[in-house]
Student: 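Below is a structure I'd like to ask you about.
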Amino acid sequence: MNNDIKKSFIKARRKKIGDTFPNLNTIQKDAVLTTSGPLLILAGAGSGKTTVLTNRIANLIRFGTASDSDTIPEHISKEEMLAFVDGDAECSDKICAVSPVPPWRIIAITFTNKAADELKNRLQSLVGEQAEDIWARTFHSACVRILRRFADRLGYPNSFTIYDSQDRLSVMKSIIRELDLNDKTFVPKVLLAKLDAARDELLSPQDFKERYNSSGDPRERKLCEIYEIYADRLFKAGAMDFEDLLYNTIRLFKEHPDVLSLYQKQFLYVLIDEYQDTNNLQYMLASMLAEGHGNICVVGDDDQSIYKFRGATIENILNFENQFKGCKTIRLEQNYRSSGHVLAAANAVISNNRGRKGKTLWTTAEEGEKLLHYVAQNEDDEAQFVANKILENYEDGGKFSDNAILYRMNAQSNRLEFAMKRNGIPYKVYGGTKFYDRAEIKDVLAYLSVILSPADDLRVLRIINKPARGIGKTAVERCVEVAAAEGKPLFEVLKNSYTYDELRKFSSKIIPFTDMIIELIELSATLPLDRLFEELLDKSGYARSLLETNTVENKSRYENVNELLTNIQSYMTNSEEPSLFGFLDEVALYTDLDSYDESSDCAVMMTMHSAKGLEYDNVFVVGVEESIFPGLASIGDTAEMEEERRLCYVAITRAKKKLVLTSARQRMLFGRTTSNMPSRFTEEIPSENIERGGYLPPRQKIEEFAAARSFRREGYKGPAATNLNASSGEIAKYSAGDKVVHRVFGSGVIASLKPVGGDALLEIIFDTAGKKLLMLKTAAVYMSKE
DNA sequence: CGCACCACAATTTTT
DNA sequence: TTGTGGTGCG
């Protein structure tokens, strides 16, 4: 009897807690009320994933595990239970809460600052000021926060600086120069990507050496050396690049279990957004943190994985269920964003991909307008067409800011900009030169970095003669040589330059510089940040140098520097404990999209990649042509093509009401006139959902083209065309012990094969990539038998 | 030391 | 076509 009361109490409790989230649908509610253990939320585009994430956190904070636990707090009497079950009282914290979770024990990780801010804002409105204590951060800023506390355990100063992609590029270039290597064979960017890949596999320079130093390829052996020097240089400079932030956090956790256990104990709940875009390190970070209490919730959409080229492994989301045992999976498939036609088009396009979890979005929204595919004569016609449509939308009472133009590459934005200008349409381009990438901003920020960390040679070199103070190239070279010979930071040598015979003659120029820096360092201890910055501009002579020569460029540079001052001041008012490195952290982890301003009424232009997570009433996707979108490099490569298609899916699902795709019969690209067929993606949209107009190539030509394409595919490719629906046959094809070649991981041997509900889990030992767990249906697309 | 000129390359880029 | 980066000269 007693048990019956308890049971009905527990049931009523879940129901009533659910009722406190009246705006959620049943499935969303299920996700919100699931509090314990691993949870995978497959959230289609526009399905309200941020709502689910934030409400789930709100539920944890208010009711703890009550919604799906059997626990009944002892202080609740039988009478209270009965009254609760029968009555229509709302659930009070006293009756319904079971160990509510303190906000600081929840970590919610996103990829962009923008997403983190949105999360914070929405949490703020749900749970009030408690939201402040939730760790709602990006991967990188979470790592920074941890490392600011414990970097010394790895031998770094806790005041380490962060190198951005430009910084690391110049480090790499100087290494290549010093090793006397050819930058055609050793392309700096490629090398950096390789170092990222190495660290993604958690390989230290030593590990890397062990693996590749015996390699027959001399370039690989050289790479070992380069990695070692690169790592050493950053370490000595007390600097970390973006990848280091993740890599070192993992290392910290591995080498110092006490630190790991501190955070494991702290974080009762770990939530990860955009899980499909995580790389191996991010996966490790998430799972290490979650190991403490086993409560990990990831949200993602395998169909929106578009960052493979940056190291994201779609396998993370595809394998989540295998990696976290007892995982519950919830699919959010109801779309609240787009009209029926838009959604149908998105579904149709993405269904051409093989390696997916499989999801079909649906909506109760109206059909809306059919999509439009317009084939322009050339890129100017295309741009003008878009401009006209935007004006039409505006005249219909919309705002300019309801319109977004998306393209595959930034180079495409130019003609569109002209068209906007010509037609008097206010617009903004995202992803151009970022504020913090401007030279003058980097200069003054370098001063701030040096104040904080004078051992940062790279930054010292940047400012040593900016503005010109007579320290010439030879002087700098000599000093660098001495510093290298002495094994000391450059700044140390500069400071004592008069003690070195070979440097004495430069000393008269150098000492005023070092004195100035030392003075600024002293000032930094007492002055507030904005005052320090003003002193810096003055004492360094930087401001003066900009004002001296009165050119348009210098004027805008001066304005930019002043804007930075404004940024510093707003940082100071927004931060609880403003500090120099707090500000520099924020700047280092800042991206262009963060300055995204919705308030001004401008049409926006950006790449499809940058558009992820955003939505607009009217979306224009331009340059929808073979060899632009899909790009040339992806044609003939199934995996790449699927990524392009996912990008297309992302682009389509940005639209709430109207979607226009455009292609041009002829276009000037890179100074050459080319003519491309309309993209295959336009053909993948059913005719009932799309209107086709403009200078379409004759139907016959399109068919011929498609036929030629598929012929080529049949001709070139073996296993990629396998039909995955014939899964049993697919499974039969492989067995343990088979040698396979994987497009991404290279060759390997199947160690085991376990059938799992119509699919199979493969364990493959790859020669270079090590052991991987892969789902057969997915892997088969990328893999063939040797 | 700074500027001008030429060669070169050009997916996408959450931090 | 456009932007960038390296080189060489004034």
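Below, read A as the first sequence line, B as the second, and so on, with proteins coming before strands; counting in each chain starts at 1.
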Student: Rounded to whole angstrom, note down the P distance from B:dT12 over to C:dG5.
Tutor: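 So the two P atoms sit 15 Å from each other.
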Student: If only side-chain N and O atoms of A:N410 are considered, is one of them under 4.0 Å from the OP1 or OP2 phosphate oxygen of B:dT13?
Tutor: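 It does, given that an N or O in the side chain of A:N410 lies less than 4.0 Å from OP1 or OP2 of B:dT13.
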Student: Show the distances under 3.5 angstrom between N or O atoms of the protein and N or O atoms of nucleotides 1-7 of chain B.
Tutor:
| residue | atom | partner | partner atom | Å |
| --- | --- | --- | --- | --- |
| B:dC1 | OP1 | A:N465 | ND2 | 2.7 |
| B:dC1 | OP1 | A:I471 | O | 2.9 |
| B:dC1 | OP1 | A:G472 | N | 3.2 |
| B:dC1 | OP2 | A:K473 | N | 2.8 |

Student: Can you list every pair that meets ring-ring contact (aromatic ring centres under 6.0 Å, His included) and has a residue in residues 621-654 of chain A, with sequence neighbours left out?
Tutor: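 Only A:F629-A:F681 qualify under ring-ring contact (aromatic ring centres under 6.0 Å, His included).
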Student: Let me see the working for A:E379 and A:V622 under side chain to side chain contact (heavy atoms under 4.5 Å, CB included), right down to the final yes or no.
Tutor: CA-CA 9 Å; A:E379 72 272 23; A:V622 299; over 6 Å; no
Student: For A:H140 and for A:L647, locate the closest nucleotide of DNA chain B by heavy-atom distance; then report the residue assigned to the nucleotide nearer the 5' terminus.
Tutor: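 Whichever sits nearer the 5' end wins; that is A:L647.
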Student: Can you see which heavy atom on A:G311 is nearest to which on A:D200, and at what distance?
Tutor: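 So the two residues come closest at O-OD2, 4.4 Å.
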Student: Can you check whether A:T607 has a side-chain N or O nearer than 4.0 Å to OP1 or OP2 of B:dT13?
Tutor: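 Yes, within the criterion.
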Student: Salt-bridge test for A:E481 and A:R478: reply yes if a basic N is under 4.0 Å from a carboxylate O, no otherwise.
Tutor: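 Counted as a salt bridge, because a side-chain N and a carboxylate O are separated by less than 4.0 Å.
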Student: Just confirming the chi classification of B:dT12, syn or anti, using 90° around 0 as the syn window.
Tutor: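 Judged by the O4'-C1' to base torsion, B:dT12 sits in anti, the angle falling more than 90° away from 0.
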Student: Measure from the side-chain heavy atoms of A:E644 and tell me the nearest of B:dT11, B:dT14, B:dT12.
Tutor: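 Nearest nucleotide to the side chain: B:dT11.
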Student: Going by number, which of residues 162-178 of chain A have a non-hydrogen atom under 4.0 Å from DNA chain B?
Tutor: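 Here the set is empty: none.
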Student: Between B:dA9 atom C1' and A:M409 atom CE, what is the distance in whole Å?
Tutor: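 Those two atoms, CE and C1', are 13 Å apart.
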Student: How is A:Y307 classified with respect to the nucleic acid when contacts are heavy atoms under 4.0 Å: base, sugar-phosphate, or nothing?
Tutor: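 Result for A:Y307 = base.
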Student: Measure from the ring centre of A:F670 to the centre of the six-membered ring in the base of C:dT2, then say whether that distance is under 5.5 Å and the planes meet at under 30°.
Tutor: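 So no, this residue does not stack on that base, at least one cut-off failing.
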Student: For the pair made of CD in A:Q304 and C1' in B:dT14, what is the distance, rounded to whole Å?
Tutor: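 The distance from CD of A:Q304 to C1' of B:dT14 comes to 13 Å, rounded to the nearest Å.
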Student: Under 4.0 Å between a side-chain nitrogen and a carboxylate oxygen: does that hold for A:D244 and A:R168?
Tutor: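 Salt bridge flag = no for A:R168 with A:D244.
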Student: Please report whether the ring centroid of A:Y307 lies less than 6.0 Å from that of A:F309.
Tutor: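 Between A:Y307 and A:F309, which both carry aromatic rings, the centre distance is below 6.0 Å.
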Student: Side chain of A:F111 only, heavy atoms from C-beta on: which candidate in B:dT11, B:dT13, B:dT14 is closest?
Tutor: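 The answer is B:dT14.
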Student: Does NZ or CZ of A:R148 come closer than 6.0 Å to the centre of the six-membered ring of A:F160, within 45° of the ring's axis?
Tutor: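 Output yes; distance and angle both within limits.
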Student: To the nearest Å, how far apart are A:M608 CE and B:dT12 P?
Tutor: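 After rounding, the gap between these two atoms is 11 Å.
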Student: Between A:D277 and A:R310, is the closest basic N to carboxylate O distance under 4.0 Å?
Tutor: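 No, no charged N to carboxylate O under 4.0 Å.
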Student: Looking only at the side chains, is there a donor atom on one of A:T278 and A:N316 sitting less than 3.5 Å from an acceptor on the other?
Tutor: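 Short answer, yes.
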Student: When the distance from CZ of A:R408 to P of B:dT11 is rounded to whole Å, what number comes out?
Tutor: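 Going from CZ in A:R408 over to P in B:dT11 covers 9 Å.
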